[in-house]
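Below is one structure, written out as structure tokens, with a few remarks after it.
For the single chain, residues carry numbers from 1 onward in sequence order.
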Amino acid sequence: MTPKVQVGTILIEERPVIAQVLGLESEPYSGNWSVIKGLDGFSLDRKIHTAGWNFFFIATEVKVMIFGAIGAMNIHSALKRILEKVRQQNFNCFEVTGIVAKRFLGVPYATVSGHSRHIQQSCMLDGVQERQTAQSGRLEGGVRPVLIRSNNLQSDKNR
């Protein structure tokens, strides 16, 4: 049975490392996306920060319009389309922020909207290539390597 999705629901792309580190409980939803159980965006953010990771909110709203009344199947199909857009941008979470039923000339339709979210260790949002690399699993456990830079205070003139 597909879990119920409503405003405030967080969907996460299945990542064993993230689930283990953060201790998240989730329920399969569509493909490799799952619904996080028992947490909204704020409580998930607190949990992620407590673990020393970061939870990014992407300001651009993602919207899909569906024809017909609001129902589990219509919302599911709308979210499948949205999750494909989110996946193409290499973000690993999505928060549903709106499910609105409307009518136009008596024809029912609904708009499902939300915002991409992203969980990662670094405090600066990785670029598209880094997120893609982490998602493809080329880095050990999806964890980003730490770059250590030495600050050489001597100028070239003093050498």
Study note, to complete from the structure: ring pair (Phe, Tyr, Trp, His ring centres under 6.0 Å) filter on Tyr109, not counting sequence neighbours, yields none
Revision key, fill the gap. Taken in chain and number order and not counting sequence neighbours, the residues that satisfy side-chain hydrogen bond (donor to acceptor under 3.5 Å, both in side chains) with Glu14 are Ser34
Rounded to the nearest 0.5 Å, how far does [atom2] of [Y] lie from [atom1] of [X]?
X	Y	atom1	atom2	result
Gln6	Ile99	CD	CD1	8.0 Å
Cys93	Leu11	SG	CG	8.5 Å
Met65	Thr111	CE	OG1	7.0 Å
Cys123	Trp53	SG	CH2	14.0 Å
Ser113	Glu95	OG	CD	10.5 Å
Trp33	Arg87	CH2	CZ	7.5 Å

Review point. Is any side-chain heavy atom of Val5 closer than 4.5 Å to a side-chain heavy atom of Leu79?
Key: yes
Exercise for review: Answer whether the closest heavy-atom distance between the side chains of Lys85 and Val64 falls below 4.5 Å.
Suggested key: yes
Check your understanding: Who pairs with Lys63 by salt bridge (charged side-chain N to carboxylate O under 4.0 Å, His left out), at least two apart in sequence or on another chain?
Key -> Glu61
Review point. Who pairs with Gln20 by side chain to side chain contact (heavy atoms under 4.5 Å, CB included), at least two apart in sequence or on another chain?
Key: none
Treating [X] as the side-chain partner and [Y] as the backbone partner, does any N or O pair qualify as donor plus acceptor under 3.5 Å?
X	Y	result
Lys47	Gly23	yes
Gln89	Phe91	no
Asn92	Ile119	yes
Asn54	His49	no

**Study point:** Residue pair Ile12, Ile18: steps toward the side chain to side chain contact (heavy atoms under 4.5 Å, CB included) verdict
**Key:** CA-CA 10 Å; Ile12 186 169; Ile18 291 175; 4.1 Å; yes
Exercise for review: Could you walk me through whether Ser116 and Phe57 pass side chain to side chain contact (heavy atoms under 4.5 Å, CB included), step by step?
Suggested key: CA-CA 6 Å; Ser116 298; Phe57 178 90; over 6 Å; no
**Study point:** Audit row: Leu125, Ile58, side chain to side chain contact (heavy atoms under 4.5 Å, CB included) steps and yes/no
**Key:** CA-CA 10 Å; Leu125 182 62; Ile58 311 306; 3.9 Å; yes
Shortest non-hydrogen contact from [X] toward [Y]:
X	Y	answer
Ile66	Ala78	CG2-CB, 3.5 Å
Thr97	Gly114	OG1-CA, 3.1 Å
Ala69	Asn74	O-ND2, 2.7 Å

Exercise for review: Could you note down all residue pairs passing salt bridge (Lys or Arg N to Asp or Glu O under 4.0 Å) where residues 99-109 supplies at least one of them, sequence neighbours left out?
Suggested key: none
Practice item. For this output row, return yes or no: ring centroids of Tyr29 and His76 closer than 6.0 angstrom. Key: yes
Practice item. Indicate, with yes or no, if the rings of His115 and Phe94 have centres closer together than 6.0 Å. Key: no
Per-pair distances, 0.1 Å, donor-acceptor, side chain in residues 37-44, under 3.5 Å, sequence neighbours excluded:
residue, atom, partner, partner atom, Å
Asp40, OD1, Phe42, N, 3.4
Asp40, OD1, Ser43, N, 2.9
Asp40, OD1, Ser43, OG, 2.7
Ser43, OG, Asp40, N, 3.1
Ser43, OG, Asp40, O, 3.3

